Amino acid sequence: MDREWVVVVGAGLMGTGIAHAFLAGGCDVALMDPDPQALGRAANQIGRILDEGVQRGKMSASDAAAARSGLRPVSSATELGQGAALVVETAVEDLAVKQQIVRSLEPLLGEHTVLATNTSALSITEIASAARRAQRVIGMHFFNPVQKMKLVEIVRGLETDDATLALARHWCERIGKTHIVVNEAPGFTTSRISALLGNEAMTMLHEGVASAEDIDTSLRMAFNHPMGPLELGDLTGWDTRLKVLQYLHQTLGEKFRPCPLIIKMVKAGRTGRKVGRGVYDYDADGQRIPGSGLRVR
Ligand SMILES: NC(=O)c1ccc[n+]([C@@H]2O[C@H](COP(=O)([O-])OP(=O)(O)OC[C@H]3O[C@@H](n4cnc5c(N)ncnc54)[C@H](O)[C@@H]3O)[C@@H](O)[C@H]2O)c1
């Protein structure tokens, strides 16, 4: 029997992890991104995660080799061909970009292909409005790093049908993820809370309430969070975080107004661990440099 294949659109932080999850789940993956450097970085990173999986005894060397050979990096929809079982859109957090992707990919999709978006906060209904078959569009919100985070938040848009929901559940089970189902609301359940927490932590840093390290330590040690909110923002990317906050501010109101320090950080290019600089600085191996927490003057 032919292996099922999945299209992942966007080879950034999340596209890399999502592509790995489906490869490890026994699917072939076409990973699409117009940026050749992003495709190269993603292929290398997927190789590293597969190697780690073998070293930790999570998968056999032959399964890892099969997974590696199932990856096909492509730079545009014209190289895709037909027959994908699932598409996961995970390009930048921008409604117009996501709608354009839906428009350009839909003609290549079969009647029953599920078109999932990994948006952190945007309206599934609005993304789906670009599709002829809006009933096939659904949110599948993964978490970073995908290989470690167990949850997928499935989000129903206004027109998402039951068959699409059932298929989204099936795909989560297939790749070993736990899922929850939420009705569409800005930021769903997870981003709505996480954005607020990160914004408040950044506001405290901005006001000089405490150092970055001490704010993170307080959440880790007082409330048992595995990471502090500033460390988490560095991992997520402050550019993505800012886009989410701007959307939540627009849709849910004043309490989500982005902290000016986040806006300044994005302007300065301090978008987080992916570029080696965020609230903290990181070395070439992605390890945090001790004592590097941002000082606000
Ligand atoms: N970073 C996180 O922790 C996180 C968690 C859950 C969901 N998300 C969501 O996942 C999506 C991607 O976030 P990310 O952190 O991977 O961003 P990223 O900046 O790391 O990567 C985005 C990628 O999209 C590519 N891209 C831009 N336009 C494209 C197009 N038209 N077609 C294909 N690719 C295109 C870019 O070249 C880039 O490689 C966003 O919607 C984000 O909100 C992010």
Side-chain angles (χ1 to χ4, degrees), residues 7-21 29-46 73-80 87-106 108 115-124 126-127 130 137 139-155 177 179 182 186-195 197-198 227 229-248 262 266 269 271-276 278 286:
V7 177
V8 176
V9 184
L13 218 52
M14 294 305 290
T16 301
I18 294 168
H20 165 267
V29 172
L31 179 59
M32 185 179 121
D33 199 299
D35 177 355
Q37 287 186 334
L39 286 173
R41 276 194 304 269
N44 288 338
Q45 177 64 4
I46 289 168
V74 299
S75 58
S76 79
T78 54
E79 298 168 59
L80 280 178
V87 174
V88 183
E89 173 289 311
T90 183
V92 283
E93 187 76 348
D94 181 308
L95 179 65
V97 171
K98 291 184 184 300
Q99 287 183 326
Q100 179 51 34
I101 289 169
V102 167
R103 259 184 231 107
S104 64
L105 287 190
E106 203 185 16
L108 300 172
L115 217 171
T117 170
N118 180 43
T119 176
S120 298
L122 297 172
S123 159
I124 308 304
E126 216 170 346
I127 295 171
V137 180
M140 284 179 74
H141 183 208
F142 290 78
F143 298 88
N144 182 25
V146 179
Q147 73 273 19
K148 293 197 178 139
M149 304 305 283
K150 279 279 174 205
L151 187 70
V152 174
E153 195 175 27
I154 296 179
V155 189
K177 300 290 186 201
H179 64 266
V182 304
F188 327 130
T189 61
T190 52
S191 299
R192 185 162 164 175
I193 289 179
S194 172
L197 195 64
M227 294 181 90
L230 302 174
E231 297 169 299
L232 182 59
D234 271 8
L235 185 65
T236 300
W238 292 102
D239 49 344
T240 300
R241 202 23 101 69
L242 178 58
K243 287 205 163 106
V244 169
L245 277 165
Q246 286 166 333
Y247 180 70
L248 296 180
I262 302 181
V266 172
T271 53
R273 206 191 272 202
K274 61 185 169 186
V275 296

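Throughout, residue positions are numbered sequentially from 1 according to the sequence presented. Atoms within a ligand are numbered from 1 in the order they appear, just like the ligands themselves. Source: prediction; values computed, not measured.
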* Structure fact -> Distance col, row Thr236:OG1 vs Leu13:CG, nearest 0.5 angstrom, shows 8.0 Å
* Got an N/O contact under 3.5 Å between Thr119 and ligand 1? -> no
* Proximity to ligand 1 by part of Phe143, non-hydrogen separation under 4.0 Å -> neither
* Structure fact -> Heavy-atom nearest pair, Ala77 first then Leu105, reads CB-CD2, 3.7 Å
* atom 6 (C) of ligand 1: which protein heavy atom is closest, and how many Å away? -> Phe142 O, 3.1 Å
* To do: Please check if the side chain of Asp33 supplies one atom and the backbone of Ala11 the other of a donor-acceptor pair under 3.5 Å.
  => yes
* Structure fact -> Restricting to heavy atoms, the pick from Val92, Ile101, Asp94 nearest atom 30 (C) of ligand 1 would be Ile101
* To do: Just let me know how Thr90 lines up against ligand 1, side chain, backbone, both or neither, with a heavy-atom cut-off below 4.0 Å.
  => both
* Compute the shortest N/O to N/O distance between Ala91 and ligand 1 and return yes if it is under 3.5 Å, no if not. => yes
* Asked: Counting heavy atoms only, which part of Lys98 comes closer than 4.0 Å to ligand 1: side chain, backbone, both or neither?
  -> side chain
* **N or O pair under 3.5 Å between Asp35 and ligand 1** => no
* Structure fact -> From the list Val152, Ile18, Val146, side-chain contact (heavy atoms from CB on, under 4.5 Å) with Asn118 holds only for Ile18
* Nearest to atom 7 (C) of ligand 1, what protein heavy atom do you find, and at what distance? -> Ser120 OG, 3.2 Å
* Val9 neighbourhood, listing ligand 1 atoms whose heavy-atom distance to it stays under 4.0 Å -> 32 (N), 33 (C)
* Hey, does the side chain of Glu93 reach the backbone of Ala121 with a donor-acceptor pair shorter than 3.5 angstrom? -> yes
* Looking at His141, which atoms of ligand 1 are within less than 4.0 Å of one of its heavy atoms? -> 6 (C), 7 (C)
* Asked: Does any N or O in the side chain of Ser191 come within less than 3.5 Å of the main-chain N or O of Ser120, such that one atom is a donor and the other an acceptor?
  -> yes
* Asked: Counting N and O atoms only, with roles assigned by atom type, does the side chain of Glu153 sit under 3.5 Å from a partner on the main chain of Thr189, one being a donor and the other an acceptor?
  -> yes
* Structure fact -> For atom 34 (N) of ligand 1, the closest protein heavy atom turns out to be Pro34 CD, 3.3 Å
* Asked: Could an N or O of ligand 1 be found under 3.5 Å from any N or O of Met14, whether backbone or side chain?
  -> yes
* Write out the residue and atom name of the closest protein heavy atom to atom 20 (O) of ligand 1, then the distance separating them to 0.1 Å. => Leu13 N, 3.0 Å
* Asked: What protein heavy atom sits nearest atom 21 (O) of ligand 1, and how far off is it?
  -> Gly12 CA, 3.2 Å
* To do: Rounded to the nearest 0.5 Å, what's the gap from CE on Met32 to OG on Ser75? Could you check?
  => 8.5 Å
* Could you state the interatomic distance from NZ (Lys243) to OG1 (Thr119), rounded to the nearest 0.5 Å? -> 11.0 Å
* **Sidechain-backbone polar pair: Ser194 side chain, Thr190 backbone, donor-acceptor under 3.5 Å** => no
* To do: Measure the distance from atom 36 (C) of ligand 1 to every protein heavy atom, then report the residue, atom name and distance (to 0.1 Å) of the closest one.
  => Asp33 OD2, 3.5 Å
* To do: Identify, by atom number and element, the atoms of ligand 1 in contact range of Thr240, meaning under 4.0 Å from any of its heavy atoms.
  => 15 (O), 42 (C), 43 (O)
* Rounded to the nearest 0.5 Å, what's the gap from CG on Leu122 to OG1 on Thr117? Could you check? => 7.5 Å
* Just do the salt bridge (Lys or Arg N to Asp or Glu O under 4.0 Å) check on Lys274 and Asp239 with the steps written out, would you? => CA-CA 11 Å; Lys274 61 185 169 186; Asp239 49 344; 3.1 Å; yes
* Per-atom contacts, ligand 1 versus Ala38 - under 4.0 Å to a heavy atom -> 39 (O)
* Structure fact -> among protein heavy atoms, the one nearest atom 41 (O) of ligand 1 is Glu93 OE1, 2.5 Å
* Using a 4.0 Å heavy-atom threshold (strictly under), name the region of Lys274 that reaches ligand 1: side chain, backbone, both or neither. => side chain
* Exam field: side chain Glu89 to backbone Ala91, donor-acceptor pair closer than 3.5 Å -> yes
* To the nearest 0.1 Å, how far is atom 1 (N) of ligand 1 from its closest protein heavy atom, and which atom is that? -> Thr236 O, 2.9 Å
